Trainee: 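Before I ask anything, here is the structure I am working with.
Everything numeric here is computed off the predicted structure, so don't read it as measured data. Chain naming here is simple, since letters A, B, ... match the order of the sequence lines and numbering starts at 1 in each.
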Number of protein chains: 2
Amino acid sequence: MQDEQIDAMSKLLKSMSHPIRLKILCLLQDKELSVGEIRDQVKTTNANVSQHLNILRGQGIIDYRKDANFIYNKIVDKRILDLIKKMRVLFCPNF
Amino acid sequence: MQDEQIDAMSKLLKSMSHPIRLKILCLLQDKELSVGEIRDQVKTTNANVSQHLNILRGQGIIDYRKDANFIYNKIVDKRILDLIKKMRVLFCPNF
DNA sequence: CAATTATTAAATTAATTTCTGAAATATTTC
DNA sequence: GAAATATTTCAGAAATTAATTTAATAATTG
């Protein structure tokens, strides 16, 4: 990797390295979820979830669709799914 | 992943997600390097490199051996090598 | 259209991280 | 043992990130 790629990669990793954001990504591995459903699972405020989602959107990791007044979020960068899967295999061998 | 694993994993990712630290890890992929050699390659101060190395040591990612007044650093957690390799395949397809 | 629900935006504060420069430690060499 | 080299430690300033609170937007329901 040369410096530009390292910078891009470190930004990506940084966006994944906050516990709330990493948990959001894990939750979104197999299904799409609304902001409220995510808020319930990570136990913080709506505004806080919204901010974290925005960071993940900014990185192009997730996207959303709107239905009524719900925003459903999902992972659109399949490489992230691969990476999370690899992390699980390497670092969480039990399950 | 349950919450404890997510916390541990996010700490690990955070330690890798600083551009200087990620570059250090890339440099240490195939060889061990002294602090001074690393300093030359990442172009910052000695103290700064030393601090970043300490963070990686604290995570158990790297270890060192002392020879004369040089400290040679190397990656000891093989899973990190695997993970970096995977990141390269996924995000840096051209080489 | 008023009330409700879901979400976002903006501003403020709090917390954490990073860098820098100087001083300290350890080893080697002369 | 003094000087030189390599690295670390420390303390503070600067920068970045995160959380909180409040207000705003947007769609839905009665």
Side-chain angles (χ1 to χ4, degrees), chain A residues 3 6-28 31-76, chain B residues 3 6-28 31-76:
Chain A
D3 288 10
I6 288 188
D7 281 2
M9 198 66 222
S10 62
K11 271 177 200 150
L12 187 70
L13 288 179
K14 187 176 317 189
S15 74
M16 299 176 66
S17 73
H18 186 286
I20 289 182
R21 291 195 294 271
L22 186 56
K23 180 151 190 185
I24 290 173
L25 292 176
C26 287
L27 293 171
L28 294 180
K31 52 183 170 298
E32 63 175 20
L33 291 173
S34 71
V35 179
E37 289 170 315
I38 293 171
R39 184 223 326 96
D40 291 344
Q41 302 235 35
V42 305
K43 299 192 181 32
T44 180
T45 61
N46 244 317
N48 194 214
V49 170
S50 182
Q51 282 173 167
H52 285 302
L53 287 172
N54 247 320
I55 289 170
L56 295 172
R57 286 170 195 149
Q59 272 293 321
I61 296 177
I62 66 175
D63 201 359
Y64 64 92
R65 71 181 173 85
K66 193 163 190 177
D67 182 7
N69 38 11
F70 293 87
I71 300 267
Y72 290 100
N73 301 277
K74 72 165 178 221
I75 293 177
V76 287
Chain B
D3 289 10
I6 288 189
D7 281 1
M9 198 67 222
S10 64
K11 271 177 200 149
L12 187 71
L13 287 179
K14 186 180 312 190
S15 74
M16 299 176 66
S17 73
H18 186 286
I20 289 182
R21 290 194 294 270
L22 187 57
K23 180 151 189 185
I24 290 174
L25 291 176
C26 287
L27 292 171
L28 293 180
K31 52 181 170 301
E32 63 174 19
L33 291 172
S34 71
V35 178
E37 289 170 318
I38 294 171
R39 183 220 330 97
D40 291 344
Q41 301 235 34
V42 304
K43 296 190 184 31
T44 180
T45 61
N46 244 316
N48 195 212
V49 170
S50 182
Q51 285 168 169
H52 285 302
L53 287 172
N54 246 321
I55 290 171
L56 296 172
R57 286 171 195 150
Q59 272 293 321
I61 297 177
I62 65 174
D63 200 359
Y64 64 92
R65 71 179 174 85
K66 195 163 187 176
D67 183 6
N69 38 11
F70 294 87
I71 299 269
Y72 290 100
N73 301 276
K74 72 164 179 224
I75 294 177
V76 288

Trainee: Collect all protein-nucleotide pairs involving nucleotides 23-30 of chain C in which both atoms are nitrogen or oxygen and the distance is under 3.5 Å.
Mentor:
from	atom 1	to	atom 2	distance (Å)
C/dA26	O3'	B/K66	NZ	3.4
C/dT27	O2	B/N69	ND2	2.9

Trainee: I'd like to check the side chain to side chain donor-acceptor pair (under 3.5 Å) partners of B/T45; sequence neighbours left out, ordered by chain and number.
Mentor: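 With neighbours one apart ignored, the set is empty.
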
Trainee: With B/Q41, which residues qualify under side chain to side chain donor-acceptor pair (under 3.5 Å), at least two apart?
Mentor: none

Trainee: Tabulate protein N/O versus nucleotide N/O from nucleotides 20-24 of chain D, keeping only pairs under 3.5 Å, one per line.
Mentor:
from	atom 1	to	atom 2	distance (Å)
D/dT20	O4	A/Q51	OE1	2.8

Trainee: Of A/S34 and A/K14, whose closest DNA chain C nucleotide lies nearer the 5' terminus?
Mentor: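 This one resolves to A/S34.
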
Trainee: Quick one: side chain to side chain donor-acceptor pair (under 3.5 Å) pairs with a partner in residues 58-69 of chain B, sequence neighbours left out?
Mentor: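 Residue pairs with at least one partner in residues 58-69 of chain B: B/E32-B/R65.
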
Trainee: Within residues 52-60 of chain A, find the residues that approach DNA chain C with a heavy atom at under 4.0 Å, and present them sorted by residue number.
Mentor: A/N54, A/R57

Trainee: So which pairs with a foot in residues 35-54 of chain A pass salt bridge (Lys or Arg N to Asp or Glu O under 4.0 Å), sequence neighbours left out?
Mentor: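 Output for this query is empty, none listed.
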
Trainee: What residues from residues 19-26 of chain B pass a heavy-atom cutoff of under 4.0 Å to DNA chain D?
Mentor: none

Trainee: Considering residues at least two apart in sequence or located in another chain, which fulfil the side chain to side chain donor-acceptor pair (under 3.5 Å) criterion with B/S50?
Mentor: none

Trainee: Figure out the CD1/C1' separation between B/I71 and D/dT9, and round it to whole Å.
Mentor: 13 Å

Trainee: Between C1' on D/dA26 and CZ on A/R65, what's the gap in Å once rounded to a whole number?
Mentor: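 A/R65 atom CZ is separated from D/dA26 atom C1' by 17 Å.
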
Trainee: Less than 4.5 Å apart, side chain to side chain, heavy atoms only: is that true for B/R57 and B/I62?
Mentor: yes

Trainee: Can you run down the side chain to side chain donor-acceptor pair (under 3.5 Å) pairs that involve residues 17-28 of chain A, sequence neighbours left out, and say none if there aren't any?
Mentor: A/R21-A/H52, A/K23-B/D3

Trainee: Do any side-chain atoms of residues 6-16 of chain A form donor-acceptor pairs under 3.5 angstrom with protein atoms, and if so which ones, sequence neighbours left out?
Mentor:
from	atom 1	to	atom 2	distance (Å)
A/S10	OG	A/I6	O	3.1
A/S10	OG	A/D7	O	3.0
A/S15	OG	A/L12	O	2.7

